[in-house]
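One structure below.
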Amino acid sequence: MPNNTSNAIGGVRDFPDDFRTAALAGVLLLQRCRNCGSHNPLSVTELCHRCGSTDLAATPSTGRCRVLSRTYVARPADSGSPRTVVFVELEEGVRSLGIALRGAEVEFDEQLCFVNCDASSGALYFGPRRASDDDASNAANGAVAESSAPFVG
Amino acid sequence: MSLTSGEAVNASRMRSARARASLAGAAEAVFVGESPTSLGLQVDAVMRACASAGIPVAMIDGIAVSTSADLRPGHMPALDLANALGLAPTFIDNTLCGGSAPVIQVARAAAAIEQGLCSVAVVAYGSVQASSRQRNKAGWQVGSGLLVDEIMASTGWRNPISVHALIAARHMHDFGTTSEDLARVAVSQRSWAMLNPTAHRREPLSVEDVLSSPLISSPLHVLDCCLITDGGGAVVLCRRDLLPDQRPDVRVLGFDEVHTNQNLLTLDSLTTSGAARTGPRALAAAGLTVAQIDQVQLYDAFTDMPLILLEDLGFCPKGAGGAFVSSGRISPGGDLPMNTQGGGLSHCHPGMYGIFLVIEAVLQLQGEAGKRQQLNVANVLCHGVGGGAFGSHATLILGRRDA
């Protein structure tokens, strides 16, 4: 197992805070291993889950993803409006949970894109992929959607 | 030369190192008073299980206890139970992995007996999650400070209901499983519960009732979800030479466990679970095939669970679970009785259901299951599920092997 604890972008301990800051700016941040190149699941922040390296770098995701499954939550735990929660797999192979934007296609295997993050709840919103989303730099540069209203119905 | 007390104990352990273990008794707690406690339910269940086994409580030298929502700082469940029973055990286990833990602890206790670490072990569980309002259908809204918990909880989902909603939805998409198939799991469990006087829900239930119950997280309705109750139970294992005369000899024939993920974001497959690994390995250890299993006790916190477990354990091909449960084979009169006490959907579900899977298997193997007793039960497969997102699996195969 590599014994390199350096981390040029923020450090492992800072990743959750960096993730939150970036998400509010419309960028999904991931941890990528400099040793083997794999991306960590969002629940793994200490070591590379593939090779055990601590040489991890925070890198922006393209935000492009595929719907693995979705559920219409009729009675959300936060007592808010019903919404469709989507379980997605990002292009980088990392999985996330989020809320589908109003009007978003939420069919199985549908292609979606990360849009933005609700400032109060921290919820991640995913919406239809636009032509501009095919340019990976858009997500990395912090494109923020106009609407964050949850998809209902 | 005479042995000191300590040497005698050690010598006894050495002699018993090759001894085998038997499950001697099993019992559920009976509620006494208006304000039961988790520990009180454990004590009551242990006393009843020991009485059914014909083994004095004072002989217990192994204690295994699991817990979930009532875990608190400084909480040491096995020591709490030992203290309450006035015992100083030589083996304890506090395995915490959710509802699979009691199933795992039976195997741990049997192994401890076989290694000479103890002679009589109890596996106990008790919870008052319902009466103490520690749990409701809003589920776990974790305040751990972990990023992954924030990401999931911020969606407003119902954890763990929505985990299984996502699993069920994908299974329906991939294999054509229907909401009616899921509902038939609940209906089957209820038909068994109607034969169980201790089941919480015993009124008749139809597929239409399930489908017309309030939708929580599609495709799961209220009646696709387990009960939220108080409850407790215990099983007693002993060295085989300590098994009282005339007691049926129920043994652990095979066991396997795997822990694949703690949360949804690290769940590899929505439609194939860890049971696909543990089932074949436990059957191989037991030297049995699925055709030799007389009945199954499968964790059923939500209706998708046993449907997928039946596939993964090898009772039907992947994707055929819907047709299998709808065929009537798991219901009273079917050839593979499943959850004969009514399961977590209709019997009880005090936070974790694993102990009740084993209790029912022991009662069926001992011929003590009352109106729901099945004939000629020789081999029962129990499968416990735990973890944060269908991620902890344990298959335990018990069998009656009278001399």
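Letters A, B, ... mirror the listed sequences (proteins, then strands); counts begin at 1. The structure displayed is predicted, hence computed values, not measured ones. These numbers come from the heavy atoms of this one structure, side chains and all, not from hydrogens, waters or symmetry mates.
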Is there a side-chain contact between [X] and [Y], using heavy atoms and a 4.5 Å cut-off?
{"X": "B:E150", "Y": "A:R20", "answer": "yes"}
{"X": "A:R64", "Y": "A:Q111", "answer": "no"}
{"X": "A:F126", "Y": "A:I99", "answer": "no"}

Q) Could you give the distance from CG (B:L307) to SG (B:C316), rounded to the nearest 0.5 Å? A) 7.0 Å
Under 3.5 Å, is there a donor-acceptor pair linking the side chains of [X] and [Y]?
{"X": "A:R70", "Y": "A:T84", "result": "no"}
{"X": "A:S53", "Y": "A:D55", "result": "no"}
{"X": "B:S38", "Y": "B:S127", "result": "no"}

Q.
Please identify, among A:L124, A:V85, A:V94, A:V86, the residue contributing the most non-hydrogen atom pairs under 4.5 Å to chain B.
A. A:V85
(Q) Let's test your reading of the structure: which of A:P41, A:G80, A:S43 forms the most heavy-atom pairs below 4.5 Å with chain B? (A)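 Result: the option with the highest number of such pairs is A:S43.
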Q) Salt bridge or not for A:E92 and A:R32, using N-O below 4.0 Å? A) no
Q. Hey, are B:R277 and B:D312 close enough for a salt bridge, meaning a charged N less than 4.0 Å from a carboxylate O?
A. no
(Q) Please verify the inter-ring angle class for A:F19 with A:F15; under 30° counts as parallel, over 60° as perpendicular, anything in between as tilted. (A) tilted
Q) Any idea which of B:L166, B:L215, B:I151 has the most non-hydrogen atom pairs under 4.5 angstrom with chain A? A) B:L166
Q: Mind ranking B:P219, B:A169, B:A165 by heavy-atom pairs under 4.5 Å with chain A and telling me who comes out on top?
A: B:A169
Q) Mind checking which of residues 170-188 of chain B sit less than 4.5 Å from chain A, heavy atom to heavy atom? A)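 Interface residues of residues 170-188 of chain B: B:R170, B:H173.
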Q) Which residues in residues 260-268 of chain B have any heavy atom lying under 4.5 Å from a heavy atom of chain A? A) B:N263, B:L264, B:L265, B:T266, B:L267, B:D268
Q: Mind running side chain to side chain donor-acceptor pair (under 3.5 Å) on B:H347 and B:H200 for me, showing each step along the way?
A: CA-CA 5 Å; B:H347 174 215; B:H200 278 68; 5.9 Å; no
